[in-house]
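Throughout, protein chains are lettered first and strands after them, A, B, ... in sequence-line order, and every chain is numbered starting at 1. Side chains included, hydrogens not; waters and symmetry mates left out as well; all remaining heavy atoms used.
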Amino acid sequence: MTTPRVRFAPAPTGFLHVGSARTALFNWLYARHHGGQMVLRIEDTDAALKTQQYVDAIIEPLRWLGLDWDEGPHFQSDRSQMHQAALRQLLDCGAAYFCDLTRDDIEQRCKQAGLPVGYHGWSRDRNVADGPGVVVRFRCPDLGETVVNDVVRGRVSFPNESLEDFVIRRGDGSITFHLANAVDDHDMAISHVIRGEDLLNTTPRVLLIREALGYSSPPVYAHLPLLVDDKRRKLSKRRHDVSLDDYRRRGYLPEAMVNYLALLGWGPPDEIEIRPIDEIIKLFDLDAVKPAPAFFDPVRLDHINSSYIKSFTPQQFAASADPFITSSDINRDSSVAASSSPSSISSRSVVESLAGDIQQRIARLDEVQGWIDWILSDEVSYDDKAWQKSIVKGRAAAEVLEAVEERLADDDFTSAERLEAIVMSVGDELSERHGVRVRSQAPVRVAVSGRAAGLPLWMPLRLLGKDETLSRLRKARSRLASSRP
RNA sequence: GCCCCCAUCGUCCAGCGGCCUAGGACGCCGGCCUUUCACGCCGGAAACACGGGUUCAAAUCCCGUUGGGGGUGCCA
């Protein structure tokens, strides 16, 4: 077998659908695995869709995923000469004919003839002349069958009598995708057509056109299993989050997305699912693709994404999280401690300092903000439940806050470990004095962050800086004092 | 209605006639770790849709049933 030539041929719809992304990925994997080529072809039947905006909506997500192509983008709208020539050829040899019947006309004829709704070749012998609003239909054979050889599904045969004479040129003179598809795939020497299962039923039409046009052996087909929702319905624009760009915006990593998508309809034989793309390329092949529909499971995507996030170095993590941080940099006395002179600290360096602790707590990059906002913000907003539980009802909370504030005033905030030791020792000492367990971390956490749960406190405290920490402790104490008579 | 596709734990995959008392992962449940929340670690429940064949032997091959899905456009 010579090296394969595949194509990814999306219609410009204004965004890239996750299903299309999966199709692009499988084409790409196949091409890369076999050292073949991938052609990008934009199926803009309507030339009005050939705008930069529509094209970018396809190209940018592909680039984001890291799926490159060797040729193109070609545009279907640029190839109308070829399409028209093929159309003429089909007309000349009698494989196609004109038809001026509207949908209503057809229905009426069916009703009158007592036939089920369908085209039934009504205009085959009416010798309709071409003119405005007149379409061209392809004459399908009445007998025999048309066979699609599919790598994923084996031999699929369609009885020709079940095929209607379909439209290959619209009333406005434009070519439909069946004809364009047959011509373009042939002209571009496509060896493998890898696409969604929803197109399996249209394949015999393309095959019939190819045959009528005298093309030699058809490409190898591979119809990939559909991506479905939890109710097993095809993913749709209306009902689901299908825009790849939305996933990017929510903090999914391209590596994770690609890895997950590769696992829908395919699995590595060694059962190691989360792995670098190079290994996936090596392992991937079309004959291992499963024919059954696959549920696009956001929970699993999250797991894979979180796994990639955990694998980042602090620098990588801070860099990829940066676009998702909405707070601006802060200006405080900061972690450089000892000196009380204010110095600027960037949100990015905060993320980098806390990377490990954040990484193990998130599945998406847009969650980073929620873990550090209290460090970057100037105002603490108290969660009411947390305040009640740890401060108002917390055992000896007032004493804890006072003692912690007092001792922290003597520290230089250069060591997170020491901050921890100080706060904990206050708890230990008060426990002894009261004869019951007194927790010191909880009230400090709430006083400083406003919340009951969060990152390990000590490094954030250091980043918050001495002045700000003491000030928040003080504020919490007075808030507590004023809340009870 | 007609045509086509599909069918292993809740989900995604492994399995391509004997290695299967069916394996991994996510999720779920329980435990350990932990003075927050997590991570991590250990353990557990959980599937070959059903019925016929073929075969010494079937989750694996064939047929049927049932169930799900897709298509049936002057969308792609």
Side-chain angles (χ1 to χ4, degrees), chain A residues 9-13 20 43-46 76 99 101-103 106 116-119 133-137 148 150 152-154 156-164 166-178 180-181 195-204 223 225-226 228 230-234 260 262-274 287-288 290-304 306-307 310 356-362 371 386 390 420 423-424 427-428 431 437-442 444-446 449 451-457:
Chain A
T13 54
S20 302
E43 306 253 290
D44 55 341
T45 336
D46 184 352
Q76 195 179 94
C99 169
L101 264 26
T102 65
R103 197 127 189 92
I106 295 166
V117 196
Y119 181 67
V134 172
V135 305
V136 176
R137 286 181 183 270
V148 178
D150 190 292
V152 177
R153 282 149 223 286
V156 183
S157 80
F158 298 80
N160 288 335
E161 59 181 330
S162 73
L163 268 25
E164 299 273 18
F166 54 95
V167 172
I168 55 179
R169 191 204 69 186
R170 302 188 187 85
D172 65 0
S174 64
I175 298 299
T176 65
F177 104 109
H178 303 105
N181 228 251
R195 36 138 63 159
E197 196 205 323
D198 50 347
L199 292 171
L200 180 56
N201 290 309
T202 73
T203 310
H223 287 93
L226 247 28
V228 299
D230 55 342
K231 296 192 180 64
R232 314 243 107 220
R233 294 175 304 190
K234 180 168 99 163
Y260 177 57
L263 264 15
L264 261 18
W266 177 83
D270 60 9
E271 304 192 333
I272 298 170
E273 298 177 324
I274 300 180
D287 52 21
K290 263 190 34 153
F295 170 39
F296 182 89
D297 186 357
V299 175
R300 224 166 108 71
L301 206 211
D302 277 2
H303 170 256
I304 292 176
S306 74
S307 164
K310 285 184 187 75
D357 288 333
I358 301 173
Q359 281 167 282
Q360 63 182 231
R361 268 160 257 260
I362 62 169
W371 290 94
S390 297
E420 174 176 14
V423 173
M424 291 320 230
D428 292 343
S431 296
R437 179 65 162 281
V438 173
R439 295 174 185 276
S440 57
Q441 185 180 168
V444 171
R445 179 183 295 281
V446 174
S449 73
R451 294 174 207 150
L455 264 18
L457 245 194

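Within the 4.0 angstrom heavy-atom criterion, no nucleotide atom of any strand lies near A/A442. Counting any heavy atom pair closer than 4.0 Å across all strands shown, A/E43 reaches sugar-phosphate atoms only and no base atom. Among the protein residues, A/V135 comes within range of the nucleic acid bases, having at least one heavy atom under 4.0 Å from a base atom. Within the nucleic acid shown, A/P159 comes within 4.0 Å of sugar-phosphate atoms alone, with no base atom in reach, counting heavy atoms only. Among the protein residues, A/L457 comes within range of no part of the nucleic acid, since none of its heavy atoms lies under 4.0 Å from any strand. Among the heavy atoms of the strands lying under 4.0 Å from A/D428 is at least one base atom, whether or not backbone atoms are also near. Within 4.0 Å of A/R153, counting heavy atoms only, lie sugar-phosphate atoms of the nucleic acid but no base atom. Using a 4.0 Å heavy-atom distance criterion, A/F158 is classed as a sugar-phosphate-only contact. Nucleic acid contact class of A/G265 (heavy atoms, under 4.0 Å, all strands): sugar-phosphate only. Residue A/R195 is classed as having no contact, given no heavy-atom separation below 4.0 Å to the nucleic acid. Residue-level contact check: A/P293 touches the backbone only, with heavy atoms under 4.0 Å from sugar-phosphate atoms and none from bases. Among the protein residues, A/R439 comes within range of the nucleic acid bases, having at least one heavy atom under 4.0 Å from a base atom. Across all strands shown, A/I358 has no heavy atoms under 4.0 Å from either base or sugar-phosphate atoms. Across all strands, A/S157 comes closer than 4.0 Å only to sugar-phosphate atoms, never to a base (heavy-atom distances).
With sequence neighbours left out, A/F296 forms a ring-ring contact (aromatic ring centres under 6.0 Å, His included) with A/Y247, A/Y260. Residues satisfying the side-chain hydrogen bond (donor to acceptor under 3.5 Å, both in side chains) criterion with A/R451, sequence neighbours excluded, are A/D373. Judged as a side-chain hydrogen bond (donor to acceptor under 3.5 Å, both in side chains), and not counting sequence neighbours, A/D230 has no contacts. For A/F158, there are no ring-ring contact (aromatic ring centres under 6.0 Å, His included) partners, not counting sequence neighbours. Not counting sequence neighbours, A/H303 has no partner by the ring-ring contact (aromatic ring centres under 6.0 Å, His included) test.
Anti is the glycosidic conformation of B/C19, whose angle departs from 0 by more than 90°.
Taking a pair to require two hydrogen-bonding distances under 3.5 Å in either a Watson-Crick or a G-U wobble arrangement, B/C9 remains unpaired. B/G43 is paired with B/C29 under the criterion used here, namely a Watson-Crick or G-U wobble arrangement in which both key atom distances are under 3.5 Å. Under the Watson-Crick or G-U wobble criterion, with both distances below 3.5 Å, B/A49 is paired with B/U65. With a 3.5 Å ceiling on both atom-pair distances, the Watson-Crick or G-U wobble partner of B/U72 is B/G1. Partner assigned to B/A22 is none, using Watson-Crick or G-U wobble distances below 3.5 angstrom.
Remark: the A/S449 side chain and the A/R445 side chain contain no N/O donor-acceptor pair separated by less than 3.5 Å.
In this structure the side chain of A/E197 never reaches within 4.5 angstrom of the side chain of A/V152, judged on heavy atoms. At least one side-chain heavy atom of A/I304 sits under 4.5 Å from a side-chain heavy atom of A/L263.
Annotation: of the two residues near RNA chain B, A/Q76 and A/L226, the 5′-most nearest-nucleotide partner is A/L226. Comparing A/L163 and A/H178, the nucleotide of RNA chain B nearest to each residue sits closer to the 5' end for A/L163.
Only the C1' atoms considered, B/C42 is 16 Å distant from B/U34, to the nearest whole Å. Between the P atoms of B/G70 and B/A14, the separation comes to 23 Å (whole Å). Between B/G15 and B/C74, the two P atoms lie 42 Å apart (nearest whole Å). On the C1' atoms, B/C48 is 38 Å away from B/C33, given to the nearest whole Å. B/U65 and B/C28: their C1' atoms are spaced 33 Å apart (whole Å). One C1' atom belongs to B/G18, the other to B/A58, and the distance between them is 10 Å to the nearest Å. Nucleotides B/A49 and B/C6 place their C1' atoms 13 Å apart, quoted to the nearest Å. Here, B/C39 and B/G27 have their P atoms 9 Å apart, quoted to the whole Å.
For CD of A/E161, the number of neighbouring non-hydrogen atoms (other residues, nucleotides, ligands) closer than 6.0 Å is 12 at most.
Think of the region where chain A sits on RNA chain B: with heavy atoms and a 4.0 Å cut, that region ends 5' and 3' at B/C3 to B/A76.
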